[in-house]
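Just so it is clear: chains get the letters A, B, ... in the order the sequence lines come, proteins before strands, and each one is counted from 1. In what follows, every heavy atom counts, from backbone to side chain, and hydrogens, waters and symmetry copies are set aside. Not measured: the values here are computed from a predicted model.
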2 protein chains.
Amino acid sequence: MRTAQDDLTGRARLRDAAIECFAAQGFDESLRAIAARAGVSAGLVRHHFGSKEMLRAECDATVLQRYRTLKTESINADPASLFAQLPASREAGILLVYILRSVRDGGAAGREFLEHMVAEALEFSMDAVARGLVVPSRDEEARVRHLVRQSVGGLIVQLAMHPDTQLDDFQGVIEQFYADSMLPTLELYSEGLFTDRTYLDEYLAYVAGTNNPPAGLAGEQLPR
Amino acid sequence: MRTAQDDLTGRARLRDAAIECFAAQGFDESLRAIAARAGVSAGLVRHHFGSKEMLRAECDATVLQRYRTLKTESINADPASLFAQLPASREAGILLVYILRSVRDGGAAGREFLEHMVAEALEFSMDAVARGLVVPSRDEEARVRHLVRQSVGGLIVQLAMHPDTQLDDFQGVIEQFYADSMLPTLELYSEGLFTDRTYLDEYLAYVAGTNNPPAGLAGEQLPR
DNA sequence: TAGGAGACTACTCGCATGTATAGCCATGGG
DNA sequence: CCCATGGCTATACATGCGAGTAGTCTCCTA
């Protein structure tokens with residue numbers, strides 16, 4: 001019925017236009033604007049997808065799939081950036097902005113994206129620890145969750161501070177973000193922030209005094 | 001004309017209700033919902049504020065002022081958290097969520113909040129460096145901007161992952177966030193992440209090769 | 001060549017929103 | 001006493017939205 005062939009028809013144009021509109025303007029962008037970008041009428045969305053919600057779901061799935069493809073294609077090992085210079089092309093930039101907006105707005109799609117990144121980063125991090133590049137943590141997953149949350153959040157803030165960025169200029173904003181963050185990140189990762197271990201040791205002693213071992217403290221999030 | 005006395009009338013109730021609604025539901029919350037929370041009619045918003053935009057502006061100013069008051073009241077010196085356990089009360093929790101939403105959605109208010117936090121943190125950080133508690137950075141402002149952006153962003157992501165959090169439960173979510181982040185943060189700040197300085201030194205050598213000194217790299221953001 | 005399935009459009013409907021208008025009514029100074 | 005000021009409400013209006021309906025056009029096939 002619905003094969004990969006008809007991805008050349010208006011259905012695919014509509015889906016791709018929706019992804020670009022959602023990335024550029026947010027998920028509240030109207031169906032009429034999406035249809036206009038695709039060069040079709042608004043009613044065609046209903047004809048092909050049934051509702052805006054189902055169009056959104058298909059966009060989510062498509063973006064996640066393309067993100068996975070892009071990740072597996074470009075295997076690089078730069079521990080300085082958990083995103084591994086994703087926005088190398090306009091297409092990748094759109095994907096990244098779409099994902100950032102998904103996380104920003106919450107919901108199932110954003111949570112799925114985030115969990116995907118955590119799983120990726122956890123695998124990467126444990127490998128880096130095993131190879132002696134990264135110091136071990138008392139709770140690897142908690143550290144990875146923290147780093148991913150902070151990194152994604154930092155990008156979201158950067159995106160929010162440049163709301164009028166066009167999709168084509170977005171690579172520039174990301175590059176500026178990395179340029180701004182590279183030195184502080186490398187300093188922090190290489191030299192830390194505190195001059196002594198007092199705060200850490202005091203916290204470890206405090207935690208050891210409770211019945212909560214540090215390793216089991218930060219596994220799952222709050223159960224809604 | 002409009003003195004501090006009439007803050008006991010419906011005008012203040014409307015403003016406070018708007019702040020709570022904006023924090024709980026976002027800035028797209030309807031005037032009718034805000035008026036309902038305040039126990040007045042929707043038309044009163046126009047009567048007192050002229051438009052929704054001007055109501056929003058007054059909410060922004062009020063939140064910023066209360067945030068400043070709260071900050072100057074509670075002077076504490078805990079370098080582990082740049083937010084200094086702000087949400088100690090329900091009122092403070094509402095302020096924090098409002099600020100996070102402002103930054104999240106971009107715009108002038110969010111940028112103002114962020115710049116305010118950067119200025120605070122910069123002052124605090126330079127003092128900590130002078131007292132020998134924190135290692136110096138090659139670009140103090142860039143480091144502070146980075147840390148503030150990451151911290152605020154991390155909270156925004158945490159907030160997005162718990163979209164159905166009530167305003168009263170929000171302190172719990174923040175406490176959970178701190179509980180999850182405390183160990184990774186202290187580890188990172190005390191022990192760093194990399195086992196050696198290779199990446200940092202390579203970057204410093206690379207930057208030294210260009211005409212851009214590291215200190216001047218991350219001052220102002222992109223000129224829109 | 002006839003016919004039918006599906007891509008696509010024009011138009012409409014109900015709904016929610018921000019804004020605008022007209023008026024009620026309690027209070028307080030003449 | 002009286003009436004004007006201003007807080008406040010009820011209602012209407014214009015707009016833009018997603019969703020629904022009916023119909024046209026274009027191939028592909030029997």
Side-chain angles (χ1 to χ4, degrees), chain A residues 1-62 98 101-102 105-109 163, chain B residues 1-60 62 101-102 105-109 163:
Chain A
M1 187 70 67
R2 178 190 308 163
T3 73
Q5 304 289 350
D6 58 351
D7 259 13
L8 304 174
T9 71
R11 179 187 170 90
R13 301 226 321 276
L14 214 34
R15 165 172 45 75
D16 290 347
I19 290 176
E20 294 196 5
C21 276
F22 287 155
Q25 307 291 334
F27 297 109
D28 285 338
E29 187 73 329
S30 72
L31 291 184
R32 288 165 175 83
I34 294 171
R37 176 180 278 250
V40 296
S41 79
L44 196 60
V45 171
R46 170 179 159 79
H47 175 68
H48 277 305
F49 301 94
S51 70
K52 190 184 188 182
E53 191 180 9
M54 296 177 74
L55 169 62
R56 166 73 195 277
E58 188 147 331
C59 289
D60 288 343
T62 302
Y98 188 101
R101 285 211 127 97
S102 299
D105 291 7
Chain B
M1 187 68 68
R2 176 189 309 163
T3 73
Q5 304 289 350
D6 58 352
D7 258 12
L8 303 174
T9 71
R11 180 187 169 90
R13 301 226 323 276
L14 214 32
R15 165 172 45 72
D16 289 348
I19 290 176
E20 295 196 5
C21 275
F22 286 155
Q25 306 292 334
F27 297 109
D28 285 338
E29 187 74 330
S30 72
L31 291 183
R32 287 164 175 83
I34 294 171
R37 175 180 280 250
V40 297
S41 80
L44 197 59
V45 171
R46 170 177 162 80
H47 177 69
H48 277 305
F49 301 94
S51 70
K52 189 185 187 181
E53 192 180 8
M54 298 176 73
L55 169 63
R56 167 73 196 277
E58 187 146 331
C59 289
D60 287 343
T62 301
R101 284 211 127 98
S102 299
D105 290 8

N/O donor to acceptor pairs below 3.5 angstrom from side-chain atoms of residues 30-37 of chain A, sequence neighbours left out:
unit_1: A:Ser30; atom_1: OG; unit_2: A:Ala33; atom_2: N; d: 3.1
unit_1: A:Arg37; atom_1: NH1; unit_2: A:Glu20; atom_2: OE1; d: 2.6

Distance-only, no hydrogens or angles: does the B:Arg101 side chain make a donor-acceptor pair with backbone N or O of B:Phe27 under 3.5 Å? no
In whole Å, I'd like the distance from the CZ atom of A:Arg11 to the P atom of C:dG6. 14 Å
For A:Phe49, the ring pair (Phe, Tyr, Trp, His ring centres under 6.0 Å) test, sequence neighbours excluded, returns none
N or O in side chain of A:His48 less than 4.0 angstrom from C:dC8 OP1/OP2: yes
Nearest atoms (heavy-atom pairs only) where A:Tyr98 meets A:Ala23: N-CB, 4.0 Å
Does A:Ala38 have any side-chain contact (heavy atoms from CB on, under 4.5 Å) partners at least two apart in sequence or in another chain, and if so, which? A:Leu14, A:Ala17, A:Val40
For A:Asp16, check side-chain hydrogen bond (donor to acceptor under 3.5 Å, both in side chains) against everything at least two apart and list the hits. A:Arg66
Going by heavy atoms closer than 4.0 Å, what residues in residues 17-24 of chain A are next to DNA chain C? none
Just how far, in rounded Å, is C1' of D:dG18 from CZ of A:Phe49? 16 Å
Could you tell me which non-hydrogen atom of A:Cys21 sits nearest to which non-hydrogen atom of A:Glu29, and how far apart they are? CB-CG, 4.0 Å
Between the axis at one end of the helix from C:dT1-D:dA30 to C:dG30-D:dC1 and the axis at the other (five pairs apiece), what's the angle to 10 degrees? 20°
Sequence neighbours left out, what passes salt bridge (charged side-chain N to carboxylate O under 4.0 Å, His left out) with B:Arg56? Give chain and number order. B:Asp60
Report the C-alpha separation of B:His48 and B:Glu58 in whole Å, then their side-chain angles, then the decisive distance to 0.1 Å, and conclude whether the side-chain contact (heavy atoms from CB on, under 4.5 Å) test is met. CA-CA 11 Å; B:His48 277 305; B:Glu58 187 146 331; over 6 Å; no
Just how far is it from atom CG of B:Leu55 to atom CZ of B:Arg46, taken to the nearest 0.5 Å? 13.5 Å
Atom pairs, N/O to N/O, protein against nucleotides 17-24 of chain C, distance under 3.5 Å?
unit_1: C:dG18; atom_1: OP1; unit_2: B:Lys52; atom_2: NZ; d: 2.6
unit_1: C:dG18; atom_1: OP2; unit_2: B:Leu31; atom_2: N; d: 2.9
unit_1: C:dG18; atom_1: N7; unit_2: B:Arg32; atom_2: NH1; d: 3.0
unit_1: C:dG18; atom_1: O6; unit_2: B:Arg32; atom_2: NH2; d: 3.2
unit_1: C:dT19; atom_1: OP2; unit_2: B:Lys52; atom_2: N; d: 3.1
unit_1: C:dA20; atom_1: OP2; unit_2: B:Arg46; atom_2: NH1; d: 2.4

Whole Å only: how far is the CG atom of B:Leu44 from the C1' atom of D:dG6? 11 Å
Measure all distances between protein nitrogen or oxygen atoms and nitrogen or oxygen atoms of nucleotides 22-26 of chain D, and list the pairs falling under 3.5 Å.
none

If I take atom NE2 in residue B:His47 and atom C1' in nucleotide D:dG7, what distance separates them, rounded to the nearest angstrom? 5 Å
Could you list the residues that satisfy side-chain contact (heavy atoms from CB on, under 4.5 Å) with B:Ser41, not counting sequence neighbours? B:Leu44
